[in-house]
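Remarks on the structure that follows.
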Amino acid sequence: MSRDETWSPASWRQKKALQQPDYIDPGKYEKILGRLNSLPPLVFPGEVIKLKNKIALAAQGGQFILQGGDCVERFSDCNEKTIMNKIKILLQMSVVLTYASGKPVVKIGRIAGQFSKPRSRNFEKVDGVDIPVYRGDSINSYEPIAGERIPRPSRLLESYFYASSTINYIRAMIDGGFADLHQPYNWNLHEIEQTGKWKEYSGIVEQILDAIRFMESFGGVYTEKLGRIEFYTSHEGLHLGYEEAMTRKDTITGEYFNLGAHMIWIGERTREIDGAHVEYCKGISNPIGIKIGPSMTKDELINLLKYLNPENEQGRITLITRLGVNNVRKVLPGLINSINQKKLEVTWSCDPMHGNTALTKEGLKTRNCEDILTELKETYMIHNDHKACLGGVHFELTGEDVTECTGGAVNLKVHDLSRNYQSFCDPRLNYAQSMEIAFLIAKLIKKENE
Ligand code: PEP
Ligand code: CO
């Protein structure tokens, strides 16, 4: 990627930056950014480039991207069980997807840094009083007390250390053989045997194990390769001071990388072309995701792509559509056609979560599994009908048995939601619902391959 010489990791500061906290003591904030900048990176440029190459392959259907995790990670999520469960669900879903598609699945977590959230409103009412909203653990506290909602720069340092513990544990699990395909039952979560999908899942696992045994007895496979997977991290590049501090110039290529995560995405609320978030992402060589809501116009999208990817590099941009079940048919065909016409290189992914959020009467945010499945199916069909390829999917999910989205095989109803509603931001698919969706995608892909 060639660099624009006027760009620097700090050049976003000349532009309008939405969704940034206002710190009471800017001197302290800058000092903390300096400290962050002196700490070692969490990922390595070579890994980031590898991921970009895989995303490029996914654009042509050579790989399939599974990106998922929490809407917002909490510092308290940095514990053995929560991290392991998230990795387990992503591994299990990827087994199903790999088996159905015959394609390698690129696994990207919304993990190890997903600590900042864009919000639609600056204040919320608590006991009749307006207090500032929660913006993620990297900024303020979830506790609904005005004083706790004051942004504190020291939380950015904490974010770094929680992200580094999380990524360290993921790397250790993978290096230690946790993701070894010889032992897929390691990834079982207690709930799977209670779901209708257990038989289907264990059938796939047994077939994979048979194939491995056959290949091993035949002697021709590099079996140690089956013990290793690659796992990548991603988060929304929202808090630009933090992202700037995690940006380093690679001594080998001379390019700038955000080394706080492998992939960074730009959210639906901060994707304006003359804004600070786009300016920041323009200069880093990481693969960049762009969330696309229903208000995106063809011209806006084309201009954004030309700006962020002037050399039309493959793998650089993933377009993550989150149009909602009521808009996908109206909006997606036009966007695909104009990108095809202009021959712009993008990898298409679908986030069927964020366009389908609804509020219950009690004010709980929820999403219905039927809407999620329908948006996913329709997105898949529209890509097929318009000579494009859906290269991946993007979910908010958890390995825990939460009750945040309605429907699914367990048929959760609105009145069930309060039973175990844990999300501090958007509602996530629970374990059974995530597996169900993996099987649905597998069916769609399989049909196409037949
Ligand atoms: C998110 O991914 O949590 C999010 C806020 O998404 P979007 O920018 O698409 O609304
Ligand atoms: Co969300």
Side-chain angles (χ1 to χ4, degrees), residues 17-20 65-74 77 86 90 108-122 133-139 142 233-240 243 261 263-273 275-278 280-281 287-296 300-301 304 308 317-328 331-332 335 348-359 364-368 371-372 375-376 379 392-398 402 404-405 421-430 433-434:
L18 299 176
Q19 302 278 346
Q20 305 302 293
I65 301 165
L66 172 63
Q67 186 173 19
D70 287 311
C71 182
V72 62
E73 276 177 290
R74 308 288 315 279
D77 289 334
K86 266 185 245 174
L90 289 169
I108 309 175
R110 288 174 63 113
I111 200 166
Q114 176 56 12
F115 292 123
S116 310
K117 293 309 299 176
R119 303 311 307 258
S120 327
R121 269 175 274 129
N122 290 332
V133 289
Y134 171 62
R135 293 187 175 275
D137 279 7
S138 63
I139 294 166
Y142 185 74
T233 60
S234 68
H235 62 254
E236 178 171 352
L238 185 70
H239 189 298
L240 291 171
E243 305 307 342
M263 179 185 187
I264 295 290
W265 77 84
I266 304 173
E268 162 72 0
R269 293 167 189 76
T270 52
R271 58 169 169 71
E272 60 297 325
I273 194 160
H277 292 81
V278 169
Y280 169 74
C281 285
I288 300 295
I290 308 173
K291 292 288 205 91
I292 299 189
S295 67
M296 177 69 101
E300 212 180 345
L301 181 57
L304 202 48
L308 280 169
I317 304 286
T318 303
L319 296 181
I320 308 167
T321 57
R322 30 86 85 223
L323 299 166
V325 69
N326 296 324
N327 294 308
V328 59
V331 181
L332 188 56
L335 296 180
W348 290 99
S349 175
C350 173
D351 161 2
M353 314 292 294
H354 285 87
N356 295 312
T357 315
L359 272 189
L364 268 185
K365 268 194 201 176
T366 190
R367 292 163 174 158
N368 181 264
D371 293 344
I372 293 170
E375 178 169 354
L376 205 49
T379 301
V393 283
H394 182 119
F395 292 111
E396 287 184 344
L397 49 77
T398 166
V402 297
E404 298 169 7
C405 294
Y421 195 102
Q422 289 186 13
S423 179
F424 289 84
C425 196
D426 288 340
R428 302 157 298 175
L429 295 166
N430 65 19
Q433 292 167 334
S434 303

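Any value given below was found using the heavy atoms of this structure, including those in side chains, with hydrogens, waters and symmetry copies removed. When a ligand or atom number is given, it counts from 1 through the structure's own listing order.
Proximity of Glu268 to Pro118: side-chain heavy atoms (C-beta onward) are nowhere separated by under 4.5 Å. A heavy-atom distance below 4.5 Å is found between the side chains of Pro352 and Phe395. You'll find the side chain of Met353 stays beyond 4.5 Å of the side chain of His394, heavy atoms only.
Note on Cys71: counted as a metal contact of the Co ion (ligand 2), an N/O/S atom lying under 2.8 Å.
Note: no N/O pair closer than 3.5 Å links Gln114 and ligand 1 by distance alone. Checking only distances, His354 does come within under 3.5 Å of ligand 1, N or O to N or O. Annotation: His394 places no N or O atom under 3.5 Å from an N or O atom of ligand 1; distance criterion only. Between Glu268 and ligand 1, an N or O atom pair is found at a separation short of 3.5 Å.
Using a 3.5 Å distance cut-off with no hydrogens or angles, the side chains of Arg135 and Asn122 do pair a donor with an acceptor.
Each of the following atoms of ligand 1 lies closer than 4.0 Å to a heavy atom of Arg322: 7 (P), 9 (O), 10 (O). Ligand 1 places these atoms under 4.0 Å from at least one heavy atom of Gly267: 8 (O). Residue contact check: Glu396 has heavy atoms under 4.0 Å from atoms 1 (C), 2 (O), 3 (O) of ligand 1. Proximity to Arg110 (heavy-atom distance under 4.0 Å) selects the following atoms of ligand 1: 1 (C), 2 (O), 3 (O). Numbered from 1 in the order shown, with element, the atoms of ligand 1 that lie under 4.0 Å from a heavy atom of Cys71 read 3 (O).
When distances from the Co ion (ligand 2) to the N, O or S atoms of Glu396 are compared, OE2 comes out shortest. For Asp426, the N, O or S atom closest to the Co ion (ligand 2) goes by the atom name OD2.
Heavy atoms of Lys117 approach ligand 1 to within less than 4.0 angstrom.
A salt bridge between Lys117 and Asp426 is absent, with no side-chain N of the basic residue lying under 4.0 Å from a carboxylate O of the acidic one. Taking a cutoff of 4.0 Å between a charged side-chain nitrogen and a carboxylate oxygen, Lys291 and Glu236 do not qualify as a salt bridge.
Across all their heavy atoms, Val278 and Glu272 have their closest contact at CG2-O, 3.3 Å.
A donor-acceptor pair under 3.5 Å links the side-chain atoms of Gln433 to the main chain of Asn430, judged by distance alone.
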>> Would Leu308 and Ile266 count as a side chain to side chain contact (heavy atoms under 4.5 Å, CB included) here? Give the steps.
In response: CA-CA 11 Å; Leu308 280 169; Ile266 304 173; 4.0 Å; yes
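In this structure, the protein non-hydrogen atom closest to atom 6 (O) of ligand 1 is Lys291 NZ, 2.9 Å.
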